[in-house]
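Each ligand, and each atom within it, is numbered from 1 in the order the structure gives. Heavy atoms only: backbone and side chains are in, while hydrogens, waters and symmetry mates are out.
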Amino acid sequence: MSEVEVVVPDLGVEGAVEVIEICVSEGDQVSPDDALVVLESDKATMEVPLESGGTITKLMVKEGDKVEQGDCLALLSATGAPKKPESQSVEQPVSESSDKAAEKAATTTDSAADEVASGGVMDVSIPDLGGAESVEVIELLMSVGDVIESDQTILVLESDKATMEIPSPAPGSIAEVSVSVGDLVSEGDLVARLTLSEDSEGAAESTQQNPSDNVAQTTKQSKMTEPEIEDLKKKKAAVRDENEQSTSTASAHAGPAVRKLARELGVDLSLVTGKGRSGRVVKDDVKAFVKGQLSQTAISAPGGNAYGLPAAPALPDFSEFGSVEPAAMDKMQILTARNMQRSWLQVPHVTQFDEADITELELFRKSKKAKAESLGVKLTPLPFILKACAHALASLPQFNVSIDMENQLIIQKHYIHIGMAVDTPAGLVVPVIRDVDQKSIWDLATECAELALKARERKLRPAEMQGGCFTISSLGSLGGTAFTPIVNTPEVAILGVSKSFYKPVFIDGEFQPRLMLPLSLSYDHRAVNGVDGARFSSHVASILQDLRELAM
Ligand code: CAO
């Protein structure tokens, strides 16, 4: 056995590139063609495979290092001759041509852009891929009607060893998409038709136009007929779903080997949490994700599909019964639907109904109206309900947990952060108010209003929607007498609040009109038993009935 240096081959790239993934460890037995590292330039991700088998004796680089041609990546105690003796060395592997192609792809067809007059329609074709042919389209980052800028990536290709981004050669709007994910393409293949912006030789047009504007713009510039416009709209709707998926996958940061593994296992990379450098998804993340999914399946449905449910029958053609109009679900609708379904199927729900007598609370709240106005705060019942729930969570800590069924753990939380369901034009969002137990009613009123406003303006940061222990869903301003809210997993309980109403209550020998607030507490019966469910709701009710209970 001889020890050899595995070096960075000619990458056809100017300057240094980053090591973004190390695919082996010291001591690993490796075979020819096993990936050693993944390198990344501005435009391409390249896997460096080994040409000889043997044992990795030493790794000379770590993730994040910058390397150039000839730099030593690892020492290999090689067994046998390199697989390709004509290669410059063991370690002269890689996708030289693919990488050059990627660089070429990155610079694309500037000349093509020059050839076409602005305001016209331009065919966008696959550029010179450095000789590579039949390269797979793995991501489609455009759909009909999209307004794009020059150099914006519209397509990602992947060969065995390299991932290449294909940028748009000019600004404009996409009039036609000629390829789909999974297609194999070669130099010269048409991928899209681009309606050039009037100022395509200067700055790109604003990308903030709405989809119908885009269609109109395309129509105007390419002089489309009415049937063509209809056809264009249909195509746009058809690609939207696929594009949604591609966009989410595109946002995953992962090398070709990882993407290949994910495809083989049918894993949507956008759902995988990357534990590599800068959130990069590595092979172990994909494997851990699959393991997690399998164990969830085992827990929820031994011997069945994910939930042991029969497949839903195909939908009928509703247009047979009257006029219909299908509309693509947006990302938030898809996410909400998935979360609700998962929680509904995984959590054994029980809903406890109760009523809180808020007659005195409402008198107190109204007595604070002037102060609220002077503070510029709207004082609704919600901050009081938040405070009551925080007190109940502290008194009944079995509600302030998450369940880890995989590891059979109950995770007790020692903080009290409460989510508040907010109805927005874009759908349901749940901002989280931190340390509710430590805040005053005025603080909570202010924060509720600020978070609800941010939610409706779609300005919430992800961190503002994370870390909740419990959720309140208040439909009190709308009506209804009770409902069964779905637990916002991984929390174990949620309080639904309906509209208060007067009812006669028998007190001291006579009926008195009392203002009652309906409470609907749904909880996860794995974490909370029925007695505690009743205790929690009556604890909340007793505080709302008499705020002095907060001091007890
Ligand atoms: N009974 C009677 N009136 C109530 C009430 C109740 N339970 N709760 C609130 N109100 C009143 C308020 O006092 C206010 O009246 P005034 O203007 O006269 O003071 C009015 O209803 C409107 O309140 P609001 O909705 O502006 O404020 P809020 O603090 O009660 O709620 C928020 C804020 C963000 C929770 C709410 O606006 C919202 O979006 N609710 C929907 C939540 C949701 O979508 N849940 C479903 C989730 S799926 O399970």
query = Counting only heavy atoms on the protein side, is anything nearer than 4.0 Å to atom 39 (O) of ligand 1?
reply = yes

inquiry  = For Trp344 and His349, take the angle between the two ring planes, folded into 0 to 90°, and tell me which bin it lands in: parallel under 30, tilted 30 to 60, perpendicular over 60.
reply    = tilted

request  = Name the closest protein heavy atom to atom 47 (C) of ligand 1, giving the residue it belongs to and the distance to 0.1 Å.
outcome  = Ser473 OG, 3.2 Å

request  = Around atom 25 (O) of ligand 1, find the nearest protein heavy atom and jot down its residue, atom name and distance.
outcome  = Ser477 OG, 3.5 Å

query = Is it true that a side-chain atom of Asp437 and a backbone atom of Ala390 form a donor plus acceptor pair closer than 3.5 Å?
reply = no

query = Quick one: does Gln412's side chain have a donor or acceptor within less than 3.5 Å of a partner on Pro397's backbone?
reply = yes

inquiry  = Does only the side chain of Ile494 get under 4.0 Å from ligand 1, or the backbone, or both, or neither? Count heavy atoms.
reply    = neither

task = Tell me which protein heavy atom sits closest to atom 12 (C) of ligand 1, plus the residue, atom name and distance to 0.1 Å.
result = Thr380 CG2, 3.9 Å

query = Do any nitrogen or oxygen atoms of Ser474 lie less than 3.5 angstrom from nitrogen or oxygen atoms of ligand 1?
reply = yes

note = Tested for side chain to side chain contact (heavy atoms under 4.5 Å, CB included) against Leu379, the lone hit among Lys371, Glu373, Arg365 is Arg365

inquiry  = Looking at ligand 1, would Arg456 count as a contact under a 4.0 Å heavy-atom criterion?
reply    = yes

Modelled atom types, side-chain donor and acceptor of Thr489 and Gln346, under 3.5 Å = no

message = If you apply the rule side-chain contact (heavy atoms from CB on, under 4.5 Å), what do you find for Thr481 with Ser498, and how did you get there?
response = CA-CA 6 Å; Thr481 52; Ser498 302; 5.7 Å; no

inquiry  = Counting only heavy atoms not in Glu264 (residues, nucleotides, ligands), do more than 12 fall under 6.0 Å from its CD?
reply    = yes

ask   = Which one holds for Leu382 and ligand 1: side chain close, backbone close, both close, or neither close, with close meaning a heavy atom under 4.0 Å?
value = side chain

Heavy-atom side-chain contact between Asp546 and Glu360 under 4.5 Å = no

task = Please identify which atoms of ligand 1 are closer than 4.0 Å to at least one heavy atom of Leu517.
result = 7 (N)

Residue and atom name of the nearest protein heavy atom (relative to atom 7 (N) of ligand 1), distance in Å to one decimal = Ser498 O, 3.1 Å

key: Which residue and heavy atom of the protein sit nearest atom 16 (P) of ligand 1, plus the separation   = Lys378 CE, 4.2 Å

query = How far is atom 4 (C) of ligand 1 from its nearest protein heavy atom, and which residue and atom is that?
reply = Gly476 O, 3.6 Å

query = Is it the side chain (CB and beyond), the backbone, both or neither of Leu475 that lies under 4.0 Å from ligand 1, heavy atoms counted?
reply = side chain

key: Nearest neighbour in protein (non-hydrogen) for atom 48 (S) of ligand 1   = Leu428 CD2, 3.9 Å

query = Is Phe501 atom CZ crowded by more than 12 heavy atoms from other residues, nucleotides or ligands, each under 6.0 Å away?
reply = yes

inquiry  = Heavy atoms only, cut-off 4.0 Å: how does Arg365 contact ligand 1, side chain, backbone, both, or neither?
reply    = side chain

note = Closest to atom 2 (C) of ligand 1 among protein heavy atoms sits Ser500 OG, 3.3 Å

ask   = Got a protein heavy atom sitting under 4.0 Å from atom 29 (O) of ligand 1?
value = yes

note = Check: of Ala452, Ala421, Ala372, min heavy-atom distance to atom 35 (C) of ligand 1 comes from Ala421

ask   = Rounded to the nearest 0.5 Å, how far apart are CG of Asp524 and CD of Glu491?
value = 11.5 Å

Heavy-atom pair of closest approach, residues Phe399 and Val492 = O-CG2, 3.4 Å

